[in-house]
Student: 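One structure coming up, written as structure tokens, with questions to follow.
This structure is a prediction, so every number in the text was calculated from the model and none was measured.
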Amino acid sequence: MKDELKKSFKSFGRLVLSLFTFGTNANEENLGDLNPKNENEALKEDAITSPGKMAVKNYFRSPLGVLGLVLMLGIILVVFIGSAIIPFNPYQSEGTLINVSPGSGYMKYPSEMEKEGVERISVGNTFGVGLTKEKNFYFWGKNNEDNVMKMPEDIKEKLKGKKIKDVAAGDRHILVATEDNEVYGWGNDSFQQTKLPPMQESQIKQEGIKKLGGGVQYSVVLTEKNNIYVWGSTMNSRLDLIPKEVQGKIVDFDTSGSNILAVLKDGTTKLLGVRGAEIDVGAPDEIKNDKLKISKVALTSNSAAALDENGKLYVWGPSRDNLSGENVPKFKGKVKDIVAGTNHFTALDEDGKIYSWGNNVYGEADSPSGKYEKIFSGYFNNYAVNKDNKIDTWGLKGFRFGSDDQGRDIYTRLIHGGKMTIIISFVSVIIQVVLGVIIGMVSGYAGGKVDNVLMRITEIVQSFPFYPLIITLSALLPVNTSQNTRLMMIMVLLGVIGWTGIARLVRGQILAERERDYVIAAKALGVTNSSILVRHILPNILSIIIVNATLGFAGNLLTEAGLSFLGFGVQEPMPSWGNMMTSAQSSDVINIYWWRWVVPALAVFLAAFSVNLIGDALRDAIDPRSNER
């Protein structure tokens, strides 16, 4: 029995090998005398072409088959190589980057900035605004849903001929202050953060504007009288409630989502807004006890940094941010300046060297080498200016396919989600083929009662409603079921329920093949039934199995996408092409944020389309009738 199995596997191996070799010439012993140099060249016989080579030739004669193969190979390379190269954290999200449309050029500043000299740069979530030494301002980047890149016509008219005193960018709005202490703003205005507060407007103009600031849907003004005013979205943070003891003493500040860190005249600091977090209670004792003279401060979402008059930097905050403690780089010289983005710090020392550390999802910690005089930072982008006024940038350049409702990069999720979808489809189609071929071959060859029993089982399995079954099982799973367990269930169910079509097809082919002469001859020679099935019949129906496996792969891919779309497949935050389209159930997403469903839907379509093209071309290539000329 072992010898028979060994012979069967060897025969099957030779068959598979023939599909990947491009044939051989006629038997060398019989054609050895047909030397090309023989005089009787005209009597040569044509070389015999192997079935594998003929199938390959026929396949590549089909333009659609070649197109499908190129598309599928491209998808596989992008998905599997890309997922190995591009880092991915399924739990990473950015609230300030939600629903950003596809595009790039977030840091593509106008050339006039370098010509006129940079005075200040302020950074928003997808854009920047700059003030030059000639008191002109410029803004650049990608338009977000608030149309921040389009300045209202009435503001354009009011700013004509006026010199600009300061500029600032919030997360989704821009502020401009003129030398006559007027403030103009545009972009997101959900909380009237683009206009001076009516109650304090006259007071602010009377005191004079010293510095503008912007945060997450709120705005800040520091006046020449060292008073600070905050307005906009301050309900939760209470940033608008400035203690009386600090008013008139503030000389500088920096903003974050829910806090403002102010520097007072005497060099002490004061934290405004939400209290009690690490940014408040975790401050160094020297800063808490007001023993230092601080010259500059910077805030990220959860951490803070303070630079004293001697060039020593203090950083504190939660350890999960990887910004404080041992994460702070060793500076070669005294620190000259410190700025911050959402989750990173950038420092400049007295030698002009730049240090960036912290979150590096978008390259915001990849600081350039060289000597610089000024640094600016905000959210996810950085700008550095050297002595020749040349500007270097690093950080978030843009989103190729936009971002979703959690601020996650759709391009990254598409690649890693594609890997998940393709693996599920591939494993499930393997299960389908193995079960279908075994049951179909046994049923068709054995016949009689065995055939009757196996076909009734096939009909029972085929009658199971797949979607209600998988939905019911998903609902019965415990809430804490791991993602791997859920994926295994999907793959097994797709395979165990989907084999019936292949089994019926194989059975029908076996019924036809078992009556052929070569099978009868093999039986007469005493060849065992298992050997006949594996060594003789299986190679003759292998082409049909391969074609149906490719079509089954496309079907499984669509089924997985449908399950995840309904919320019963791969679960968030792990991506798959199906669950990326779940948001398409919202009319707002369909009408406004089209990229959130069009991009994954297009990926599913291209993958299924390419596999179907490959399957159709294989069927035509392997069909012997297509070899006729």
Student: With distance as the sole test, does Asn591 use its side chain to make a donor-acceptor pair with the main-chain N or O of Ser587 at under 3.5 Å?
Tutor: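 Confirmed, Asn591 side chain pairs with Ser587 backbone.
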
Student: Taking atom types as modelled and ignoring hydrogens, do the side chains of Ser377 and His344 form a donor-acceptor contact shorter than 3.5 angstrom?
Tutor: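 Yes, a side-chain donor-acceptor pair sits under 3.5 Å.
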
Student: Looking at Asp308 and Lys312, is any side-chain nitrogen of the basic one under 4.0 Å from a carboxylate oxygen of the acidic one?
Tutor: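 The answer is no: the pair does not qualify as a salt bridge.
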
Student: CZ of Arg120: more than 12 outside heavy atoms within 6.0 angstrom?
Tutor: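 More than 12 heavy atoms, drawn from other residues, nucleotides or ligands, come within 6.0 Å of this atom.
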
Student: Is a salt bridge present between Glu572 and Arg413, judged by a nitrogen-to-oxygen distance below 4.0 Å?
Tutor: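 So Glu572 pairs with Arg413 through a salt bridge.
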
Student: Indicate whether any N or O donor in one side chain lies under 3.5 Å from an N or O acceptor in the other, for Glu364 and Asn381.
Tutor: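 Result is no, nothing qualifies.
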
Student: Could you check whether Tyr109 and Tyr138 have their ring centres less than 6.0 Å apart?
Tutor: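 No; Tyr109 has its ring centre 6.0 Å or more from that of Tyr138.
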
Student: Within the side chain of Gln206, is there an N or O that forms a donor-acceptor pair under 3.5 Å with the backbone of Ile204?
Tutor: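 It does not hold such a pair.
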
Student: Just wondering, are more than 12 heavy atoms of other shown residues or ligands nearer than 6.0 Å to NZ in Lys397?
Tutor: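 No.
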
Student: Pick one: which of Asp321, Asn327, Asn322 meets side chain to side chain donor-acceptor pair (under 3.5 Å) with Ser303?
Tutor: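 Of the listed residues Asp321, Asn327, Asn322, the side chain to side chain donor-acceptor pair (under 3.5 Å) partner of Ser303 is Asp321.
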
Student: Just so I know, are the side chains of Pro573 and Arg408 near enough to count as touching, which here means a heavy-atom distance under 4.5 Å?
Tutor: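 Yes, close enough: below the 4.5 Å cut-off.
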
Student: Any side-chain to backbone donor/acceptor pair from Asn143 onto Val148? Under 3.5 Å, distance only.
Tutor: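 Yes, because the side chain of Asn143 sits within donor-acceptor range (under 3.5 Å) of the backbone of Val148.
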
Student: Does Phe139 form a ring pair (Phe, Tyr, Trp, His ring centres under 6.0 Å) with Trp186? I'd like the steps, not just the answer.
Tutor: CA-CA 12 Å; Phe139 55 97; Trp186 63 95; 5.5 Å; yes

Student: Go through it in stages, so that I can follow the logic: the residues are Ser219 and His173, the test is side chain to side chain donor-acceptor pair (under 3.5 Å), and I'd like the CA-CA distance, side-chain angles, deciding distance and then a yes or no.
Tutor: CA-CA 9 Å; Ser219 302; His173 68 283; 3.0 Å; yes

Student: For the residue pair Phe399 and Tyr106, categorise the inter-ring angle as parallel (less than 30°), tilted (30 to 60°) or perpendicular (more than 60°).
Tutor: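 Perpendicular.
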
Student: Is Glu157 salt-bridged to Lys160, cutoff N-O under 4.0 Å?
Tutor: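 Salt bridge present between Glu157 and Lys160.
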
Student: Which one of Asp409, Asp404, Asp405 satisfies the salt bridge (Lys or Arg N to Asp or Glu O under 4.0 Å) criterion with Arg596?
Tutor: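 That would be Asp405; it is the only one of Asp409, Asp404, Asp405 passing the salt bridge (Lys or Arg N to Asp or Glu O under 4.0 Å) with Arg596.
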
Student: State whether the number of non-hydrogen atoms from other residues, nucleotides or ligands found under 6.0 Å of Lys195 atom NZ is greater than 12.
Tutor: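 Enclosed: over 12 neighbouring heavy atoms sit under 6.0 Å from NZ of Lys195.
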
Student: The test is side-chain contact (heavy atoms from CB on, under 4.5 Å); show your working for Lys353 and Lys371 and say whether it passes.
Tutor: CA-CA 5 Å; Lys353 181 177 173 57; Lys371 288 188 175 183; over 6 Å; no

Student: Salt-bridge test for Lys205 and Glu182: reply yes if a basic N is under 4.0 Å from a carboxylate O, no otherwise.
Tutor: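 Counted as a salt bridge, because a side-chain N and a carboxylate O are separated by less than 4.0 Å.
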
Student: Within 45° of the ring axis of Tyr184 and under 6.0 Å from its six-membered ring centre, is that where the NZ or CZ of Lys158 lies?
Tutor: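 No, a cation-pi geometry is absent between Lys158 and Tyr184.
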
Student: Please determine if Arg275 and Asp280 form a salt bridge, counting it only when a charged side-chain N lies under 4.0 Å from a carboxylate O.
Tutor: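 Yes.
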
Student: Does Phe376 have Lys374 sitting over its ring (NZ/CZ under 6.0 Å from centre, angle to axis within 45°)?
Tutor: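 The answer is no; the distance or angle limit is not met.
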
Student: Report yes or no: does Thr268 contribute a side-chain atom to a donor-acceptor pair with the main-chain N or O of Leu264 at less than 3.5 Å?
Tutor: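 A pair under 3.5 Å: no.
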
Student: Set out, in order, the CA-CA distance, both residues' side-chain angles and the distance that settles side chain to side chain donor-acceptor pair (under 3.5 Å) for Ser586 and Asp588, then state yes or no.
Tutor: CA-CA 5 Å; Ser586 167; Asp588 287 340; 4.7 Å; no

Student: Take Lys162 and Asp180, measure what salt bridge (charged side-chain N to carboxylate O under 4.0 Å, His left out) needs, and give me the verdict at the end.
Tutor: CA-CA 9 Å; Lys162 290 190 176 183; Asp180 57 358; 3.3 Å; yes

Student: Check Ser190 against Gln217 and note the closest heavy-atom contact, atom names and distance.
Tutor: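 Here Ser190 and Gln217 meet closest at OG-NE2, 4.3 Å.
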
Student: Can you tell me if Asn289 and Asp285 form a side-chain donor-acceptor pair at under 3.5 Å?
Tutor: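 Note: Asn289 and Asp285 side chains miss the donor-acceptor criterion.
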
Student: Going by atom types alone, do Tyr229 and Glu207 pair a side-chain donor with an acceptor below 3.5 Å?
Tutor: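 There is such a pair between these side chains.
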
Student: For Asp351, does its backbone N or O pair with a side-chain atom of Lys334 as donor and acceptor, under 3.5 Å?
Tutor: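 No, Lys334 side chain to Asp351 backbone: no donor-acceptor pair under 3.5 Å.
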
Student: State whether the side chain of Asp171 and the backbone N or O of Thr96 hold a donor-acceptor pair below 3.5 Å, judged by distance alone.
Tutor: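 Not confirmed, Asp171 side chain does not pair with Thr96 backbone.
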
Student: Are Pro102 and Trp594 side-chain neighbours, meaning at least one heavy-atom pair lies under 4.5 Å?
Tutor: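 Pro102 vs Trp594: side chains touch.
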
Student: Would you say Ser93 and Gln406 are linked by a side-chain donor-acceptor pair, where the criterion is simply a distance under 3.5 Å?
Tutor: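 Absent: no donor and acceptor within the cut-off.
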
Student: In a check of salt bridge (Lys or Arg N to Asp or Glu O under 4.0 Å) between Asp252 and each of Lys270, Lys265, Lys211, Lys296, which one passes?
Tutor: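 For Asp252, the salt bridge (Lys or Arg N to Asp or Glu O under 4.0 Å) test succeeds with only one of Lys270, Lys265, Lys211, Lys296, which is Lys211.
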
Student: In a check of side chain to side chain contact (heavy atoms under 4.5 Å, CB included) between Leu272 and each of Asn259, Leu241, Ile242, Leu261, which one passes?
Tutor: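 Going through Asn259, Leu241, Ile242, Leu261 one by one, the side chain to side chain contact (heavy atoms under 4.5 Å, CB included) with Leu272 is satisfied by Ile242 alone.
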
Student: With no hydrogens and no angle check, just 3.5 Å: does a side-chain donor-acceptor pair link Asn360 and Asp366?
Tutor: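 Note: Asn360 and Asp366 side chains meet the donor-acceptor criterion.
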
Student: Counting C-beta onward and ignoring hydrogens, is there a side-chain heavy-atom pair between Tyr355 and Phe331 closer than 4.5 Å?
Tutor: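 Yes - at least one pair of side-chain heavy atoms lies under 4.5 Å apart.
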
Student: Are any side-chain N or O atoms of Asn579 and backbone N or O atoms of Ser576, one a donor and one an acceptor, separated by less than 3.5 Å?
Tutor: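 Present.
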
Student: If we only count heavy atoms from C-beta on, is the Lys390 to Val385 side-chain gap below 4.5 Å?
Tutor: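 Lys390 vs Val385: side chains apart.
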
Student: Backbone N or O of Lys150 within a donor-acceptor pair of the Asn147 side chain at under 3.5 Å?
Tutor: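 Not a single qualifying donor-acceptor pair exists.
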
Student: Quick one: do Lys156 and Asp154 make a salt bridge, cutoff under 4.0 Å?
Tutor: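 No salt bridge links Lys156 with Asp154.
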
Student: Rounded to the nearest 0.5 Å, how far does CD1 of Ile164 lie from CG of Asn136?
Tutor: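 The distance works out to 7.5 Å.
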
Student: Please determine whether the number of non-hydrogen atoms from other residues, nucleotides or ligands lying under 6.0 Å from atom CG of Asn236 exceeds 12.
Tutor: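 No, not enclosed.
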
Student: Between the main-chain N or O of Ile209 and the side-chain N or O of Asn181, is there a donor-acceptor pair closer than 3.5 Å?
Tutor: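 It does hold such a pair.
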
Student: Any donor-acceptor pair under 3.5 Å linking the side chain of Lys291 with the backbone of Ile287?
Tutor: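 Checking the backbone N and O of Ile287 against the side chain of Lys291, no donor-acceptor pair under 3.5 Å is found.
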
Student: Should the heavy atoms of other residues, nucleotides or ligands under 6.0 Å from NZ of Lys288 be counted, would the total exceed 12?
Tutor: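 Yes.
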
Student: Going by the side chain to side chain contact (heavy atoms under 4.5 Å, CB included) test, name the single residue among Asn382, Ile354, Ile375 that passes it with Ser367.
Tutor: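 Answer after filtering Asn382, Ile354, Ile375: Ile354.
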
Student: How far does OG1 of Thr223 sit from CD of Gln200, to the nearest 0.5 angstrom?
Tutor: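 Thr223 OG1 to Gln200 CD: 11.5 Å, rounded to 0.5 Å.
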
Student: Can you give me the closest heavy-atom contact between Ile415 and Val78, atom names plus distance?
Tutor: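 Nearest pair, atom of Ile415 first, then Val78: CG2-O, 3.8 Å.
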
Student: Atom CD of residue position Glu326 - does it have more than 12 heavy atoms of other residues, nucleotides or ligands inside 6.0 Å?
Tutor: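 Open.
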
Student: Is the distance between the ring centroids of Tyr314 and Trp316 less than 6.0 Å?
Tutor: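 No; Trp316 has its ring centre 6.0 Å or more from that of Tyr314.
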
Student: May I ask you to check whether Trp394 and Phe380 place their ring centers less than 6.0 Å from one another?
Tutor: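 Ring-ring flag for Trp394/Phe380: false, centres at least 6.0 Å apart.
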
Student: For Phe127 together with Trp140, are the ring centres under 6.0 Å from each other?
Tutor: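 That pair fails the under 6.0 Å test.
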
Student: Go through the side-chain N and O atoms of Lys142 and Ser101 and say whether any donor and acceptor fall under 3.5 Å apart.
Tutor: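 On atom types as modelled, these side chains qualify, holding a pair under 3.5 Å.
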
Student: Do Asn343 and Thr300 have side-chain N/O donor and acceptor atoms under 3.5 Å apart?
Tutor: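 There is no such pair between these side chains.
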
Student: Working note: Ser301 + Ser256, criterion side chain to side chain donor-acceptor pair (under 3.5 Å); need CA distance, chi angles, decisive distance, verdict.
Tutor: CA-CA 6 Å; Ser301 295; Ser256 69; over 6 Å; no

